[in-house]
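I have placed the structure first, in the form of structure tokens, so that the comments after it can refer back to it.
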Amino acid sequence: MTYKVIYDEKNCTAANRCINIAPKLWKMGKDKKAVLAGGHLNLQTGKQERLIEEKDLEAYKETALICPSYVIDIVDTKTEKSVLNLKPTRDPEKEKVPILKAHYDSRSEWKMDPKGFFTIKPFPQEGLLRARYYDGSHALKLTIEGKSAEEIYNTLVREGLVSLLEHAAYLGSELQKAEIAMKKNLPYVQDDPL
Ligand code: SF4
């Protein structure tokens, strides 16, 4: 079976997720927009296209599903139907979905993660962030060091050092704050506003 990758470069928002996960399939083009490697421009539709085989389908599918702008489609060449089964909500329909007012009550909703906790500190001169991991008995077990919040939170999730979603979300936001403080040379105190 063969498939056709159809890429609408005009509406690519240069998020570069496709390039990050599949640099052989997607290249960086002008304005940091992605270019479909080995593809050609369909002059009628203005979109880039490339025929692929079954063995490559999953790799292309992964890049299409991670694209936040839904500009990558893959169709079965026999049926001409998309194999992605996506139903993205587009403007102005987005305004019609219900709004849930956010709230947080730290007294009733805060829970200690049984896996332990972290202290976070930026080191601007070294360009590093350090997260110290303490287990449930408050014993320091590990220091995770990295250049970005993203590196650190992905590492601690990969290593299984968090067990609560709330804790993972807290660490993501706190690490991001520490990264901003590090890059802008701002004072950083964990749990305080920047
Ligand atoms: S992930 Fe989508 S929006 Fe981002 S660069 Fe690739 S094609 Fe463009």
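First listed ligand is number 1; within each ligand, the first listed atom is number 1. The model shown is predicted, which means the values in this text are computed figures rather than measured ones.
Judged by the 6.0 Å and 45° rule, Arg130 forms a cation-pi pair with Phe123.
In the displayed structure, Lys33 atom NZ is contacted under 6.0 Å by more than 12 heavy atoms of other residues, nucleotides or ligands. The number of heavy-atom neighbours closer than 6.0 Å to CD of Glu54, taken from other residues, nucleotides and ligands shown, is above 12.
Those atoms of ligand 1 with a heavy atom of Val71 less than 4.0 angstrom away are 2 (Fe), 7 (S). Heavy-atom proximity to Ala34, at under 4.0 Å, picks out these atoms of ligand 1: 5 (S), 6 (Fe). Atoms of ligand 1 lying under 4.0 Å from at least one heavy atom of Thr13, given by number and element, are 3 (S). Of all atoms in ligand 1, listed by their number and element, those nearer than 4.0 Å to a heavy atom of Tyr7 are 7 (S).
Side-chain atoms of Glu159 do not come within 3.5 Å of backbone N or O of Thr155 as any donor-acceptor pair. Between the Tyr153 side chain and the Gln176 main chain, no donor and acceptor come within less than 3.5 Å of each other.
Within the coordination shell of atom 8 (Fe) of ligand 1, defined by N, O or S atoms under 2.8 Å, Cys12 is present. Residue Cys67 counts as close to atom 2 (Fe) of ligand 1, with an N, O or S atom under 2.8 Å.
The shortest heavy-atom distance from Tyr70 to ligand 1 is not under 4.0 Å. Ligand 1 has at least one atom lying under 4.0 Å from a heavy atom of Arg17.
For Trp26 and Tyr7, the gap between ring centers is short of 6.0 Å.
Contact annotation: for Trp26 versus ligand 1, there are no heavy atoms closer than 4.0 Å. Heavy atoms of Thr63 found under 4.0 angstrom from ligand 1: none, in either backbone or side chain.
Looking only at atom types and distance, the side chain of Arg132 has a donor-acceptor partner in the side chain of Thr143 under 3.5 Å away.
Of the protein's non-hydrogen atoms, Asn16 N, 3.1 Å is the one closest to atom 5 (S) of ligand 1. Considering only non-hydrogen protein atoms, atom 1 (S) of ligand 1 sits nearest to Cys18 N, 3.5 Å.
Between Tyr134 and Phe117, the ring-plane angle classifies as parallel under the 30° and 60° cut-offs.
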